[in-house]
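We name chains A, B, ... by the order of the sequence lines, and we start the count at 1 in each one.
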Amino acid sequence: MYTLKQQEKQARRGEFLTPHGAIQTPAFMNVATAGAIKGGISAYDLKKLHCQVQLCNTYHLHLRPSDTRIQRLGGVHRFTGWEGPILTDSGGFQVFSLAPLRKIREEGVYFASHIDGCRIFMGPEESMKIQSNLGSTIAMAFDECVENPAPYDYVKASVERTVRWLLRCKRQMDHCNQSEGTLNPRQMLFGINQGGTYDDLRADNMRRIAEIPMDGYAIGGLAVGESKEEMYHIMDVVVPHMPQDKPRYLMGVGKPGNIIEAVSRGIDLFDCVMPSRNARHGHLFTWQGVLNLNNRRYEEDMLPIDPHCGCPACRHHSRAYIRHLLKAHELLAMRLCVQHNLYFYNTLMERIRESIEQGSFASFKNQYVDLLDTRI
RNA sequence: GUGGAUAUAGCUCAGUUGGUUAGAGUGCCAGGUUGUGGCCCUGGAGGUCGUCGGUUCGAACCCGAUUAUCCACC
């Protein structure tokens with residue numbers, strides 16, 4: 001259940017109740033693809049990083065160690081040791097971005113595993129069964145994510161098929177939830193808006209899927225090749241057709257500036273690999289902008305990564321030390337940098353929530369929307 | 001001591017019958033990264049081709065000497 005607690009223009013401050021606890025929105029979901037946030041982060045670290053939600057991946061966990069094994073072991077919560085909300089991505093995006101030799105048919109997608117080349121089929125029913133076996137809090141619909149730009153006719157046909165897939169997802173998830181012995185009988189399901197960069201396809205699709213009762217609605221297929229301006233424009237086109245009383249999730253986005261812009265347009269949930277992936281290579285987000293700790297200028301810099309940050313890395317270690325660890329390929333470098341970036345993202349969301357509560361989000365946006373993405 | 005091999009970017013190595021401005025990988029210095037393959041992409045700096053001399057219009061390349069390293073044999 002989603003409760004809108006406060007609103008400043010389009011920006012929403014809400015609470016999303018799930019079987020695994022409440023999510024205060026706007027929120028960032030920390031990406032733990034294969035059951036762990038890359039960089040040596042454990043479930044018991046997440047509270048310290050102010051993490052509310054973990055995002056795990058259907059595709060990856062299905063291939064390894066398999067959803068059936070995770071089900072036998074008690075589900076993805078027990079398996080990973082994280083008792084809070086977990087969203088599972090449907091596998092749709094991974095099939096399109098990772099797997100070679102894919103063939104898209106009405107029934108689903110035939111593809112080869114990126115691990116061993118094994119031939120696999122995944123369609124809406126398979127994705128729902130896998131996510132049900134995993135027992136995640138929120139399942140995502142199985143969709144096709146089309147890279148931008150794509151020809152109008154291709155996108156139109158793809159979106160229509162994705163709507164047919166959504167209806168199949170819904171039917172299958174209802175069935176899974178009613179099955180005896182299911183791990184999470186109240187597993188939630190989000191639908192996904194697609195339509196490339198075409199206003200009419202996006203708006204039609206959003207109106208259409210809003211009629212299908214879902215626990216939340218996502219915008220997919222953005223930040224996949226189009227410009228920043230096009231992305232914001234598509235959000236302006238889609239959001240007015242999204243239900244007011246359900247959480248809105250912008251998939252795969254983004255930089256701090258993107259998130260602030262999206263919140264100002266009425267988005268509640270985000271996920272992005274950028275804070276963790278960039279952290280593994282020393283690219284760090286701070287309240288002064290983005291810095292690259294590999295840069296020579298930090299060789300003898302005894303300041304923390306961000307003097308205004310309370311994360312474990314900033315409380316205990318200097319830029320000079322962490323830069324050294326990066327250069328020496330010490331695992332601790334990744335762990336500290338990932339901790340910092342996730343703490344930053346989760347704190348960014350906290351400050352966004354506070355500013356909406358205080359009615360000062362507009363000035364928060366004005367102060368930080370460009371600054372946070374700027375290289376220092 | 002004798003014979004042989006090698007010597008080119010910080011490191012590991014290409015380099016055609018001698019022919020414009022000597023290349024690659026890695027590392028270094030920077031930039032990028034948007035529903036994650038601990039990746040990937042883009043740019044930059046960096047070389048008296050061991051040293052000295054010779055042949056030639058022209059030498060990393062051919063010749064001589066020399067130095068260093070390695071191998072084999074006495």
Side-chain angles (χ1 to χ4, degrees), chain A residues 28-41 53-61 63-64 87-100 112-117 127 131 138-148 162 190-194 216 218-228 230-232 249-259 261-262 267 269-285 290-299 323 326-335 337-338 341-342 345 373-376:
Chain A
F28 180 76
M29 304 194 276
N30 296 227
V31 181
T33 305
I37 291 167
K38 292 183 189 294
I41 308 295
V53 200
Q54 221 186 151
L55 186 153
C56 294
N57 217 286
T58 297
Y59 169 87
H60 294 261
L61 294 177
L63 297 186
R64 186 170 55 193
L87 180 141
T88 40
D89 199 359
S90 68
F93 183 82
Q94 285 65 39
V95 166
F96 296 104
S97 67
L98 295 181
S113 158
H114 74 275
I115 296 170
D116 59 7
S127 177
Q131 294 184 76
I138 303 161
M140 294 304 299
F142 187 77
D143 65 334
E144 178 183 0
C145 179
V146 181
E147 205 172 327
N148 295 323
T162 290
F190 281 23
I192 305 176
N193 168 261
Q194 292 285 351
I219 304 178
L222 289 182
V224 285
E226 81 287 357
S227 71
K228 211 165 65 166
E230 279 181 294
M231 177 168 83
Y232 297 147
Y249 166 25
L250 178 60
M251 306 186 78
V253 177
K255 295 178 187 178
N258 299 146
I259 289 177
E261 288 286 358
I267 302 292
L269 293 168
F270 301 88
D271 81 280
C272 188
V273 303
M274 191 170 278
S276 44
R277 178 192 282 160
N278 284 11
R280 294 201 295 277
H281 307 109
H283 289 66
L284 301 165
F285 295 93
V290 182
L291 64 82
N292 180 354
L293 208 50
N294 290 294
N295 290 2
R296 182 177 274 168
R297 54 194 282 215
Y298 302 116
E299 251 171 356
R323 180 184 192 274
L326 281 165
K327 292 295 183 184
H329 298 116
E330 284 292 341
L331 290 180
L332 182 58
M334 278 197 250
R335 178 169 155 80
C337 290
V338 171
N341 270 0
L342 290 181
Y345 262 64
D373 292 350
T374 305
R375 284 294 308 239
I376 54 170

Visitor: With P as the reference atom in both, quote the distance from B/rA60 to B/rC49 in angstrom, rounded to an integer.
Guide: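 One P to the other, the span is 7 Å.
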Visitor: Please examine the side chains of A/R280 and A/C337, heavy atoms only from C-beta on, and report whether any two atoms are closer than 4.5 Å.
Guide: no
Visitor: Nearest-Å distance, CG (A/D373) to P (B/rU34)?
Guide: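 Nearest whole value for this atom pair: 13 Å.
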Visitor: Please state how far atom OH in A/Y59 lies from atom P in B/rG35, giving the value in whole angstrom units.
Guide: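 Taking atom P of B/rG35 as the reference, OH of A/Y59 is at 15 Å.
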Visitor: Have a look at A/K228 and say if it touches a base, only the backbone sugar-phosphate, or nothing, with a 4.0 Å heavy-atom cut-off.
Guide: nothing
Visitor: Who pairs with A/T88 by side-chain hydrogen bond (donor to acceptor under 3.5 Å, both in side chains), at least two apart in sequence or on another chain?
Guide: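 With neighbours one apart ignored, the set is A/Q131, A/S136.
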Visitor: Is A/E299 touching bases, backbone alone, or none of the nucleic acid, heavy atoms closer than 4.0 Å?
Guide: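 Nothing, no heavy atom under 4.0 Å.
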Visitor: Within this structure, what is the CG-CD1 distance for the pair A/L250 and A/I259, rounded to the nearest 0.5 Å?
Guide: 8.5 Å
Visitor: Can you check the distance between B/rC62 and B/rA14, where both ends of the measurement are the P atom (answer in whole Å)?
Guide: 15 Å
Visitor: Got a donor-acceptor contact below 3.5 angstrom from the A/N30 side chain to the A/F28 backbone?
Guide: yes
Visitor: Restricting to side chain to side chain contact (heavy atoms under 4.5 Å, CB included), what partner residues turn up for A/I115, sequence neighbours left out?
Guide: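 Applying side chain to side chain contact (heavy atoms under 4.5 Å, CB included) to A/I115 gives A/L63, A/R64, A/S113.
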Visitor: Contact class for A/L250 (heavy atom, under 4.0 Å): base, sugar-phosphate, or nothing?
Guide: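 The residue A/L250 makes no contact with any strand.
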Visitor: Using atom P of each nucleotide, how far apart are B/rU6 and B/rG15 to the nearest Å?
Guide: 12 Å
Visitor: For A/D89, which contact category applies under a 4.0 Å heavy-atom criterion: base, sugar-phosphate, or nothing?
Guide: base
Visitor: Please tell me if the side chains of A/L291 and A/Y298 come closer than 4.5 Å, counting only heavy atoms from C-beta onward.
Guide: yes
Visitor: Taking the C1' atom of each, how far is B/rA22 from B/rU69, in whole Å?
Guide: 24 Å
Visitor: Can you tell me how far C1' in B/rU55 sits from the matching atom in B/rG64, rounded to whole Å?
Guide: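 11 Å, rounded to whole Å.
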Visitor: Between protein and nucleotides 30-32 of chain B, what N or O pairs are separated by less than 3.5 Å?
Guide:
{"from": "B/rA30", "atom 1": "OP1", "to": "A/R296", "atom 2": "N", "distance (Å)": "2.8"}
{"from": "B/rA30", "atom 1": "OP2", "to": "A/R296", "atom 2": "N", "distance (Å)": "3.1"}
{"from": "B/rG31", "atom 1": "OP1", "to": "A/R375", "atom 2": "NH2", "distance (Å)": "2.7"}
{"from": "B/rG31", "atom 1": "OP2", "to": "A/N292", "atom 2": "ND2", "distance (Å)": "3.4"}
{"from": "B/rG31", "atom 1": "OP2", "to": "A/N295", "atom 2": "OD1", "distance (Å)": "3.3"}
{"from": "B/rG31", "atom 1": "OP2", "to": "A/R375", "atom 2": "NH2", "distance (Å)": "3.1"}
{"from": "B/rG32", "atom 1": "OP2", "to": "A/R375", "atom 2": "NH1", "distance (Å)": "2.7"}

Visitor: Rounded to whole angstroms, how far apart are OH on A/Y249 and P on B/rG35?
Guide: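 Rounded to whole Å, this separation is 9 Å.
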Visitor: Do A/E147 side-chain and B/rG35 base share a donor-acceptor contact under 3.5 Å?
Guide: no
Visitor: Between A/L61 (CG) and B/rG37 (C1'), how many Å, whole number?
Guide: 14 Å
Visitor: Would you mind classifying the nucleic acid contact of A/I192 as base, sugar-phosphate or nothing, using non-hydrogen atoms under 4.0 angstrom?
Guide: base
Visitor: Can you tell which of B/rU33, B/rC28, B/rG35 lies closest to the side chain of A/M251?
Guide: B/rG35
Visitor: When the ring planes of A/Y59 and A/H114 are compared, do they come out parallel, tilted or perpendicular, using 30° and 60° as the limits?
Guide: parallel
Visitor: Got a minute to check which stems RNA chain B is part of, using Watson-Crick or G-U wobble pairs under 3.5 Å, three or more consecutive?
Guide: B:1-7 with B:67-73, B:10-13 with B:23-26, B:28-32 with B:40-44, B:50-54 with B:62-66
Visitor: The side chain of A/H114 is closest to which nucleotide in this list: B/rU34, B/rG37, B/rU33?
Guide: B/rG37
Visitor: Taking B/rG27 as the reference, what is the distance to B/rU12 when you measure between their C1' atoms (whole Å, please)?
Guide: 11 Å
Visitor: Please report the distance separating the C1' of B/rG19 from the corresponding atom of B/rU56, rounded so that it comes out in whole Å.
Guide: 12 Å
Visitor: Find the distance A/N148:CG to B/rU34:C1' and express it as a whole number of Å.
Guide: 13 Å
Visitor: Distance check needed: B/rG35 P versus A/N30 CG, whole Å only.
Guide: 13 Å
Visitor: Under 4.0 Å between any heavy atoms, over every strand shown, what does A/G221 touch: base, sugar-phosphate, or nothing? Just pick one.
Guide: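 If one applies the 4.0 Å heavy-atom cut-off, A/G221 turns out to touch a base.
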Visitor: Treating A/N292 as the side-chain partner and A/N294 as the backbone partner, does any N or O pair qualify as donor plus acceptor under 3.5 Å?
Guide: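 Present.
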Visitor: Between A/N57 (CG) and B/rG37 (C1'), how many Å, whole number?
Guide: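 The answer, rounded to whole Å, is 12 Å.
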Visitor: Considering only the C1' atoms, how many Å lie between B/rG44 and B/rG53, rounded to the nearest integer?
Guide: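 Taking atom C1' in both B/rG44 and B/rG53, they lie 38 Å apart.
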Visitor: Round to the nearest Å and state the distance from A/H60 atom NE2 to B/rG35 atom C1'.
Guide: 10 Å
Visitor: What's the shortest heavy-atom distance between A/C145 and A/G221, and which atoms?
Guide: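 Closest approach of A/C145 to A/G221: SG-CA, 3.8 Å.
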Visitor: Test of understanding: with side-chain hydrogen bond (donor to acceptor under 3.5 Å, both in side chains), list the residues that count as partners of A/N193, not counting sequence neighbours.
Guide: A/R202, A/N205
Visitor: If you pin A/L331 and A/L55 to their nearest nucleotides in RNA chain B, which one's is more 5'?
Guide: A/L55
Visitor: Please enumerate all residues that pass side-chain hydrogen bond (donor to acceptor under 3.5 Å, both in side chains) together with A/D271, with sequence neighbours excluded.
Guide: A/Y249
